[in-house]
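A short write-up of the structure that comes next.
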Number of protein chains: 2
Amino acid sequence: MNKTKDTTTEFEILNAAKRIFQHKGMAGARMQEIADEAGINKAMLHYYYRSKQLLFEAVFKKAFSMIAPQLNDILNSDLSICEKIRDFSNNYISFVIKHPYLPNFIIQELNRSPEFIQKLLAEKHFPNIEKFRKQVDNKIAEGIIRPIKAEQLFINIMALNIFPFIGAPLLKGLTNVDDKTYKKLMIERKTEVADFIINSIKLT
Amino acid sequence: MNKTKDTTTEFEILNAAKRIFQHKGMAGARMQEIADEAGINKAMLHYYYRSKQLLFEAVFKKAFSMIAPQLNDILNSDLSICEKIRDFSNNYISFVIKHPYLPNFIIQELNRSPEFIQKLLAEKHFPNIEKFRKQVDNKIAEGIIRPIKAEQLFINIMALNIFPFIGAPLLKGLTNVDDKTYKKLMIERKTEVADFIINSIKLT
DNA sequence: AAAAAGTTTAACCAAATGGTTAACAAAAGT
DNA sequence: ACTTTTGTTAACCATTTGGTTAAACTTTTT
């Protein structure tokens with residue numbers, strides 16, 4: 001009853017909304033612009049999603065669900081720390097090159113309404129640092145990596161991978177490189193970031 | 001003619017605008033809200049700054065002028081690389097703990113209108129990477145630090161210092177720490193970040 | 001084929017928003 | 001003293017914005 005053409009509209013709305021919201025944020029996005037982007041009447045947005053807020057939340061949750069599994073990889077997989085770092089840096093950077101507005105969108109809207117993270121935390125597969133902390137503490141005890149708080153290491157991994165995309169306009173300006181060269185730098189970072197981290201923590 | 005009480009209003013507007021814009025961004029901020037925050041009539045905003053856009057630009061430029069000198073410290077001072085990294089991490093993190101909304105505001109608005117960076121680039125004391133690049137390349141040639149592109153090292157320094165504040169809501173959620181503990185982590189980072197970077201690049 | 005349910009549109013609406021105006025008050029200049 | 005300039009306010013305005021409605025069209029059900 002809703003698997004043929006019907007779903008198309010609902011899906012197109014979500015996609016159009018994704019593009020507009022990710023570019024302009026909740027406050028900057030206009031319902032009319034989303035409707036135009038989807039090529040449909042504005043009333044349809046309300047027909048399928050009731051309000052701007054609910055449409056936004058649908059977009060946000062979808063965006064977050066694309067990132068969360070990657071965070072789970074580093075927090076909950078059974079690989080060694082170094083393998084995790086290499087895998088994550090490689091996968092995440094490849095992913096974001098394809099979806100350049102995603103991280104900024106998520107970070108930005110979480111800053112605008114930090115209470116939103118509580119809704120996400122409540123969901124079942126929300127990534128959690130506990131396993132990673134134990135792993136790091138063990139490896140430190142074994143003398144394999146330098147002493148460092150698991151939280152700090154995790155923050156460093158996130159920072160080195162995520163920030164170059166969020167801060168791209170600023171970094172492009174400061175390093176004085178054009179878009180093409182900057183993209184090359186990002187591709188280099190797929191391995192560069194992991195090397196940088198591992199050089200810092202590895203003892204052997 | 002405008003140094004006594006007159007300037008106070010203009011100054012109060014700028015301060016109120018700073019608070020509102022930094023919280024809500026250009027799109028989310030309301031002129032009425034800024035006027036209320038400043039405790040004055042909305043017409044005064046236009047009397048002193050003509051339009052929302054111009055008021056915003058005044059706020060943005062002021063914000064950027066508070067950050068730029070710190071970037072210059074790492075790019076153009078005469079200290080050694082390690083000293084620069086230690087100084088910058090320490091100073092920058094201390095600074096941002098006092099002005100927690102600043103980096104997010106700047107990064108966010110640069111993403112929203114990347115052409116804005118061109119206006120900033122044109123200004124005389126805009127930080128530039130050239131000197132830093134030569135310094136890094138020399139130290140690599142001398143065998144003092146590991147081979148790394150100056151741009152990548154610079155991006156790493158920025159990422160490790162700036163991201164923990166921009167990504168705070170997400171990182172607090174993922175690491176499952178409360179605000180107070182997170183702030184402690186940030187204070188630790190004044191030295192932690194520098195150690196982490198130097199461990200990674202130092203050869204001797 | 002007729003009724004029912006679901007989808008789409010154009011026109012409309014009230015509230016919010018950036019900006020203006022005209023009148024008034026306070027300083028400053030003469 | 002009084003004129004001019006500067007600062008301030010309340011009321012107002014045009015446009016934009018999120019959201020609604022009623023009617024039309026399409027698909028599904030019976």
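Per chain, numbering begins at 1; letters A, B, ... match sequence-line order.
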Open item on the list: Without decimals, in angstroms, what is the distance between A/M26 CE and D/dT17 C1'?
Closed with: 12 Å
Open item on the list: What is the separation between atom NZ on B/K52 and atom P on C/dT17, rounded to the nearest whole Å?
Closed with: 9 Å
Open item on the list: Base, sugar-phosphate or nothing for A/A27? Non-hydrogen atoms, less than 4.0 Å.
Closed with: nothing
TODO: Check the distance between D/dT21's P and A/N41's CG and give it to me in whole angstrom.
DONE: 15 Å
Open item on the list: Please pick, from D/dT20, C/dT21, C/dT7, the nucleotide with the shortest atom-to-atom distance to any side-chain atom of B/A43.
Closed with: C/dT21
- [ ] Please state how far atom CD1 in A/I34 lies from atom P in D/dG19, giving the value in whole angstrom units.
- [x] 10 Å
- [ ] Pick out which of A/D195, A/T191, A/N91 makes a side chain to side chain donor-acceptor pair (under 3.5 Å) with A/R86.
- [x] A/D195
Task: 5′-ward residue of the pair A/Q53/B/G39 relative to DNA chain D - done: B/G39
Open item on the list: Under 4.0 Å, counting only non-hydrogen atoms across every strand here, what does A/M31 touch: a base, just sugar-phosphate, or nothing?
Closed with: sugar-phosphate
TODO: Mind checking B/A35 for me? I need base, sugar-phosphate or nothing, with any heavy atom below 4.0 Å counting as a touch.
DONE: nothing
TODO: May I ask you to evaluate whether A/R30 reaches the phosphate of D/dT16, defined as a side-chain N or O under 4.0 Å from OP1 or OP2?
DONE: no
TODO: For residues A/F56 and A/Y49, establish whether the separation of their ring centroids is below 6.0 Å.
DONE: no
- [ ] Using a strict cut-off of less than 4.0 Å between a Lys/Arg side-chain nitrogen and an Asp/Glu carboxylate oxygen, indicate whether A/K149 and B/E192 qualify as a salt bridge.
- [x] no
TODO: Rounded to the nearest angstrom, tell me the gap between atom CE in A/M44 and atom P in C/dT9.
DONE: 6 Å
Open item on the list: Output the rounded distance in Å from CD1 (A/I13) to P (D/dG18).
Closed with: 15 Å
Open item on the list: Looking at D/dG7, I'd like to know if its phosphate oxygens (OP1 or OP2) sit under 4.0 Å from a side-chain N or O belonging to B/T9.
Closed with: no
Open item on the list: For a quick check, tell me whether the side chain of B/K42 and the base of C/dG19 share a donor-acceptor pair closer than 3.5 Å.
Closed with: yes
Open item on the list: For C/dT9 and A/Y47 - does any side-chain N or O of the residue sit under 4.0 Å from the phosphate oxygens OP1/OP2?
Closed with: no
Open item on the list: Can you measure A/I40 atom CD1 to C/dA10 atom P for me and round it to whole angstrom units?
Closed with: 12 Å
- [ ] Please determine if A/E109 and A/R112 form a salt bridge, counting it only when a charged side-chain N lies under 4.0 Å from a carboxylate O.
- [x] no
Open item on the list: With a 4.0 Å cut-off on N to O distance, would you call A/K131 and A/D78 a salt bridge?
Closed with: yes
Task: Between D/dT16 (C1') and A/K24 (NZ): distance, integer Å - done: 14 Å
